[in-house]
Number of protein chains: 2
Amino acid sequence: MKLDHLDTVKRFYKFHKRLPSYSEMLKLFDFSSKNAIYRIIQKWIEEGLIKKDARKLAPTSKFFSLPFLGIIKAGFPILAEEDKNYLTLDEYLIEDPHSSFILRVSGDSLINVGIFDGDLVIIERSQQALSGDIVLAQIDREWTLKILRKDNQKKSYLASANPKYPPFFPRQELQIHGIVKAVVRKFN
Amino acid sequence: MKLDHLDTVKRFYKFHKRLPSYSEMLKLFDFSSKNAIYRIIQKWIEEGLIKKDARKLAPTSKFFSLPFLGIIKAGFPILAEEDKNYLTLDEYLIEDPHSSFILRVSGDSLINVGIFDGDLVIIERSQQALSGDIVLAQIDREWTLKILRKDNQKKSYLASANPKYPPFFPRQELQIHGIVKAVVRKFN
DNA sequence: AAGTCTAGTAAACTATCGTTCACTTTGTCA
DNA sequence: TGACAAAGTGAACGATAGTTTACTAGACTT
């Protein structure tokens, strides 16, 4: 597969975590006039891959992102949605980076909600957890990841998402430290 | 929660997709000498949040990433791993951005491998799929997302990960278009 | 064959970049 | 209280940034 100029810039970005300057692109593309670069950049700007503010280059999210092809209905053909749809996972999954962190899950107590042993969960420190939320909690001083439930007396307790484990009622106290906002699993 | 200088820069980055220049930081931090900025940047470089190459600033992955706190074993306390561990989801999940794309899954045929209705899957166009891989395939011209199996005669067929669906043997042809590399699910 | 696009070269320009040096203010700790 | 370090000011520096204009060679029309 041959690399065009955009691929070269993406490679540069991946390695350096920044866009190359015009003079750097001169070398990368083996050109000898900055004007050639200027024109190429203009084209990318029109295509929405790059933008400029205050005369400085910056990538757009289209630059980073993967094509989002559409929905696959098991048993049905692909419904390819709008042609130009792109997605950056970090942006999609993490709404408030400031108050979020990642944990690896060990154990099978949440398999029924599709959280498996080894999965990563993104947790947001949060004030208010609702019944049904999957929460990082401390129940009687012991940390755990479970589903928050409130019974009809509004008393909170924790439930597993695996029928083989019973619900946990706090003896003394139940502290909610965060809400699971997303799960992520990598195969292999 | 009060914003320190680093937070301000992160906000700027999130919005502009680039780091602010020294003069821009002057305004952001309300300083009046570039030297003050210079010193702050030096500190961030020592902390590994920012780096410089060819006199140009660039963030490191530590800059973007969420703290990876460790493993939570259901029923056991948090095992907080090494203090400084960071993770960027895009980098973690997508190995080859060039040949990857995203699809939203509709249907329950893969629930047993933890892929639910509405989840996003990251698919890599790939030459070689192994038995057991979850693949995007075309079986007798119909697109689907299933588990690839090979029987003892090395004949390929597709299986669901839901016992209520039978395996699919191709009448004429079976084309593998990609392998599912990761799943991602957002709550709410 | 003439005319028009496209993609590149070459050179000059200003603004801003990140750096450096010398000095001043503020805070901390003995 | 005095000393020292940390944090900020202010000004000057050369290097590089992105932009602009003018020109050229090849490819595509018609």
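These figures come from a predicted structure and were not determined experimentally. In what follows, every chain begins at residue 1, and chains take the letters A, B, ... in the order their sequences are listed.
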Close side-chain approach of A/D117 to A/S106, heavy-atom, < 4.5 Å: yes

Sugar-phosphate only, base, or nothing, as touched by A/K34 at under 4.0 Å among non-hydrogen atoms: base

Phosphate OP1/OP2 of D/dA17 contacted by A/S21 side-chain N/O (<4.0 Å): yes

Protein-nucleotide distance (B/R18, atom CZ; D/dA17, atom P), rounded to Å: 15 Å

Closest-nucleotide 5' rank along DNA chain D - winner of A/K52 and B/A36: B/A36

Side-chain N,O (A/K43) to OP1/OP2 (C/dT6) below 4.0 Å: no

A/L66: which of B/L93, B/I123, B/I102, B/D90 passes side chain to side chain contact (heavy atoms under 4.5 Å, CB included): B/I102

base_contact_polar (C/dA10 base, A/S33 side chain, donor-acceptor, <3.5 Å): yes

Salt-bridge contact A/D96-A/K181 (side-chain N to carboxylate O under 4.0 Å): no

Quiz item: A/N35 side-chain donor-acceptor pair to D/dT21 base, under 3.5 Å: yes

Sugar-phosphate, base or nothing in reach of A/Y38, heavy atoms under 4.0 Å: base

Whole angstrom value for the distance that separates P of C/dT6 from CD of A/Q42: 15 Å

Protein-nucleotide distance (B/I41, atom CD1; D/dA7, atom P), rounded to Å: 15 Å

Distance below 4.0 Å between B/K56 side-chain N/O and D/dT16 OP1 or OP2: no

d(NZ, B/K27; C1', C/dT16) in whole Å: 11 Å

Length of the line joining B/L19:CG and C/dC17:C1', which is rounded to integer Å: 14 Å

Short side-chain N/O contact to D/dT16 OP1/OP2 from A/Y22, under 4.0 Å: no

Nearest-Å distance for atom pair CD1/C1', residues B/I37 and C/dT20: 16 Å

Residue whose closest nucleotide on DNA chain C lies nearer the 5' end, A/L26 versus B/P20: A/L26

B/R55 CZ to C/dT20 C1', straight-line distance once rounded to whole Å: 10 Å

Separation of D/dA7 P from B/D30 CG (nearest whole Å): 18 Å

Side-chain heavy-atom pair B/E24, B/H16 within 4.5 angstrom cut-off: no

Short side-chain N/O contact to D/dG10 OP1/OP2 from B/S32, under 4.0 Å: yes

Beyond-backbone contact of A/F31 with A/M25, side-chain heavy atoms, under 4.5 angstrom: no

